[in-house]
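Contents: one structure, followed by commentary.
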Amino acid sequence: MSQNANNAQLTNPNGQSISNTSLPNQVKINLQGGVNYLNVTGTDLNNVDVFTYNTAPSATKVLVVNVNAPGTFNWDVWNQSGVGQQNAPYVIYNFYNTTTLNIVGSSTIVGSVLAPFANINKTVNQSNIEGQVIGLSFNHAGGEVHSANF
């Protein structure tokens, strides 16, 4: 998945098109039919506080977020607007080169977490994961995981 080109259509809160680099703290996405790839660095992922779906993910509009965050990464999960558990099977966060993934922050993850080479740590009590968690190991000490298979 990480080899696919970025094709996600992003805008700022005013509706102006933006690229997938140097992301602002509020981002909106317009999902197109098929698979939408959002390729970002870990820094850009953490720059975003609010991520709004103008078009909800579905079986015909899938979102793959490829995160380039080698080594240890502390993910301060963004607040997702316009989605819920019913959309979780159609979103996946692919941490393809992360070896330790620390999930921090107080926002719920809507979608699956794929970190196949990472030890995943989630110790925040307030947030849930609506999706799957796939990694080398999973230390879960806060919130709930509600299975929604990708």
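The figures that follow rest on heavy atoms only: side chains count, while hydrogens, waters and symmetry mates do not.
Contact record, Pro24 with Val48: O-CG2, 3.4 Å, taken as the closest heavy-atom pair. Contact detail for Gln32 and Lys61: the closest heavy-atom pair is O-CG, 3.4 Å. The shortest non-hydrogen separation linking Ala88 to Ala148 is CB-CB, 3.7 Å. In plain terms, the two heavy atoms of Thr100 and Ala118 that are nearest each other are N-CB, 4.0 Å. Looking at every heavy atom in both residues, Ser19 comes nearest to Leu10 through O-CD1, 3.8 Å. Contact detail for Thr21 and Asp44: the closest heavy-atom pair is CA-OD2, 3.4 Å.
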Evaluate the side-chain contact (heavy atoms from CB on, under 4.5 Å) criterion for residues Val77 and Ile103: first the C-alpha distance (whole Å), next the side-chain angles of each, then the deciding distance (0.1 Å), finally the verdict. CA-CA 7 Å; Val77 179; Ile103 300 172; 3.7 Å; yes
Tell me, with the steps shown, if Lys122 and Phe138 meet side-chain contact (heavy atoms from CB on, under 4.5 Å). CA-CA 8 Å; Lys122 183 182 175 303; Phe138 182 39; 4.0 Å; yes
Go through the steps to decide whether Trp78 and Leu45 satisfy the test side-chain contact (heavy atoms from CB on, under 4.5 Å), and finish with yes or no. CA-CA 8 Å; Trp78 54 30; Leu45 183 72; 3.7 Å; yes
Take Ile29 and Leu31 through the test side-chain contact (heavy atoms from CB on, under 4.5 Å) and record every step on the way to the result. CA-CA 6 Å; Ile29 188 165; Leu31 295 177; 3.7 Å; yes
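By the 4.5 Å heavy-atom criterion applied to side chains, Val67 and Thr98 are not counted as neighbours. Asn128 places none of its side-chain heavy atoms less than 4.5 Å from the side chain of Ile109. For the pair Asn66/Met1, a side-chain contact is recorded, criterion being any heavy-atom separation below 4.5 Å from C-beta on. Counting only heavy atoms from C-beta outward, the side chains of Val40 and Leu23 approach each other to under 4.5 Å. For the pair Tyr53/Gln80, a side-chain contact is recorded, criterion being any heavy-atom separation below 4.5 Å from C-beta on. Counting heavy atoms from C-beta on, the side chains of Val65 and Phe51 never come closer than 4.5 Å. Looking at Ile18 and Val27, their side chains come closer than 4.5 Å, going by heavy atoms from C-beta outward.
Although no hydrogens or angles enter the test, the distance criterion places a donor-acceptor pair under 3.5 Å between the side chain of Thr99 and the main chain of Gly71. In this structure, the side chain of Asn46 engages the main chain of Asp76 through a donor-acceptor pair within 3.5 Å.
Under the 4.5 Å side-chain heavy-atom criterion for grouping Ile, Leu, Val, Met, Phe, Trp and Tyr, Phe150 is not connected to Val110 through any hydrophobic cluster. Both Tyr93 and Val145 belong to a single network of hydrophobic side chains, linked directly or stepwise wherever heavy atoms of I, L, V, M, F, W or Y lie under 4.5 Å apart. Val113 and Tyr96 are not part of a single hydrophobic cluster, where members link through side-chain heavy atoms under 4.5 Å apart. Val64 is connected to Ile134 through a chain of hydrophobic side-chain contacts under 4.5 Å among Ile, Leu, Val, Met, Phe, Trp and Tyr, so both are in one cluster.
Residues Asn68 and Asn39 bring no donor and acceptor atom of their side chains to less than 3.5 Å of each other. No side-chain donor-acceptor contact under 3.5 Å links Asn79 and Ser107. Asn74 and Asn102 share a side-chain donor-acceptor pair at under 3.5 Å. A donor and an acceptor atom, one from each side chain of Asn149 and Ser147, are located under 3.5 Å apart. Side chains of Thr43 and Thr41: no donor on one and acceptor on the other come within 3.5 Å. A side-chain N or O of Asn12 and one of Gln16 form a donor-acceptor pair less than 3.5 Å apart.
Between Trp75 and Phe95, the two ring planes are tilted [angle within 30° to 60°].
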